[in-house]
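Here is the structure we will look at, set down as structure tokens.
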Amino acid sequence: PHSYDTNYDWSWLNMGKPQGANLIGFAGAVTVRDAPPSPQRAHLFVAGNDGNLWCRWSDGGAWHWLSMGKPQGANIRARMGAVTVMDTPTSPQRPHVFVEGNDFNLWCRWSDAAAWHWLNMGKPQGANIIGSAGAVTVMDTPGSPQRPHVFVVGNDGNIWCRWSDGAAWHWLNMGKPQGANIRTPLGAVAVRDTPTSPDRPHVFVEGNDFNLW
């Protein structure tokens, strides 16, 4: 069920389940606008026990299920998060969903605003992914394109970032806290100091010293 606010009270809505499948995991939720003045439309991404990624999405008037399939040659091993991306301030929002396959690669299911595609994003050099810390978009200036950043934990003990420069994807080894190992990945946000400042990502983890880093 889904609980939503009608501006006066909270209500429950039974949103059902995918046809022929049960839900086994959550991949993320975003809102999508077709244009800046358009209404925001909710999209929820889940994994089914049929091995597929599913989207429960709103067209503004009704809810629909969409089977988004699975990565080519791999099954979904873990869900990593979701963001929406705008190429310009007036562009439509395009959802991106990140999962790890049982081939140990990071995969992205992304929309070009007309169709959905799978992209194999590889894995960190010398490491396998063991957990997700979050996904955010980063804007260098208010008029810049949004650039996705995905933060994962590797079995080498480091935080890794898979980030886009707007044209290509890159891996960045972000290390680990001084004197501690990462115990739990907790989340990520982007921070803007002023309306015209660049977005600055922040990633939060718990160390095995039981401190928040």
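Note that these values count all heavy atoms, side chains included, but never hydrogens, waters or copies made by symmetry.
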| said: Can you give me the closest heavy-atom contact between G101 and A74, atom names plus distance? | reply: CA-CB, 4.4 Å
| said: Can you confirm whether the side chains of D103 and W107 place a donor and an acceptor under 3.5 Å from each other? | reply: yes
| query | Are W160 and F151 close enough, and set up right, to give a side-chain contact (heavy atoms from CB on, under 4.5 Å), and what steps lead you there? | reply | CA-CA 6 Å; W160 288 82; F151 302 96; over 6 Å; no
| request: Check the pair R79 / F45 against side-chain contact (heavy atoms from CB on, under 4.5 Å), numbers first and verdict last. | output: CA-CA 9 Å; R79 284 77 59 191; F45 302 97; over 6 Å; no
| task | Just do the side-chain contact (heavy atoms from CB on, under 4.5 Å) check on T31 and H43 with the steps written out, would you? | result | CA-CA 6 Å; T31 56; H43 288 55; over 6 Å; no
| Pairwise distance CG(N49) to CG(L23) - rounded to 0.5 angstrom | 8.5 Å
| query | Are side-chain heavy atoms of N211 and W213 found at a separation under 4.5 Å? | reply | yes
| Shared ILVMFWY cluster between V205 and I130, side chains joined below 4.5 angstrom? | yes
| request: Check for a donor-acceptor pair, side chain of R56 on one end and backbone N or O of M15 on the other, with a separation under 3.5 Å. | output: yes
| said: Is the shortest side-chain heavy-atom distance between V189 and P201 below 4.5 Å? | reply: no
| field | Side-chain heavy atoms of L106 within contact of M80, under 4.5 Å | value | yes
| Roughly how far, to the nearest 0.5 Å, is the CG atom of N181 from the CG atom of N208? | 4.5 Å
| For G175 and N173, which heavy atoms make the closest approach, and how far apart are they? | N-OD1, 2.9 Å
| field | Flag side-chain contact, heavy atom, 4.5 Å: L186 against E206 | value | yes
| For the residue pair A114 and S111, what are the closest heavy atoms and their distance? | N-OG, 4.4 Å
| query | Does L212 reach the side chain of F204, with side-chain heavy atoms less than 4.5 Å apart? | reply | yes
| said: Using a 3.5 Å distance criterion without hydrogens, assess whether the side chain of D34 forms a donor-acceptor pair with backbone atoms of P92. | reply: no
| said: With clusters defined by side-chain heavy atoms of hydrophobic residues (ILVMFWY) lying less than 4.5 Å apart, directly or transitively, does V97 cluster with V83? | reply: no
| Closest contact, heavy atoms only, S58 versus R41 | O-NH1, 2.8 Å
| request: State yes or no: do M68 and I76 share one hydrophobic cluster built from I, L, V, M, F, W and Y residues joined by side-chain heavy-atom distances below 4.5 Å, directly or via other members? | output: yes
| So, for I182 and G157, which heavy atoms are closest and what is the spacing to 0.1 Å? | CD1-O, 3.7 Å
| task | State whether the side chain of Q146 and the backbone N or O of M86 hold a donor-acceptor pair below 3.5 Å, judged by distance alone. | result | yes
| task | Provide the closest heavy-atom pair for P89 versus P142 in the form atom of the first, atom of the second, distance. | result | CG-O, 3.9 Å
| Shared ILVMFWY cluster between V46 and L66, side chains joined below 4.5 angstrom? | no
| message | Under 3.5 Å, is there a donor on one side chain and an acceptor on the other for W116 and D112? | response | no
| field | Backbone of F104 reached by a side-chain donor or acceptor of R77 within 3.5 Å | value | no
| Taking W171 for the side chain and K123 for the main chain, is one N or O donor matched with an acceptor at less than 3.5 Å? | yes
| field | Residues I159, V152; criterion side-chain contact (heavy atoms from CB on, under 4.5 Å); working and verdict | value | CA-CA 6 Å; I159 287 279; V152 299; over 6 Å; no
| task | Nearest 0.5 Å please: distance from the CZ atom of R192 over to the CZ atom of R200. | result | 11.5 Å
| said: Does any part of the side chain of W57, heavy atoms only, come nearer than 4.5 Å to the side chain of L44, both counted from C-beta? | reply: no
| field | pair P145-T88: side-chain heavy atoms closer than 4.5 Å | value | no
| Do T84 and T137 come within less than 4.5 Å of each other through their side chains, counting heavy atoms only? | no
| task | Look at the side-chain heavy atoms of Ile, Leu, Val, Met, Phe, Trp and Tyr, link any pair under 4.5 Å apart, and say whether I129 and L119 land in one connected group. | result | yes
| Testing D140, D165, D199 for salt bridge (charged side-chain N to carboxylate O under 4.0 Å, His left out) with R147, which one passes? | D140
| message | Please tell me whether D50 and W54 have a donor and an acceptor in their side chains that are separated by less than 3.5 angstrom. | response | yes
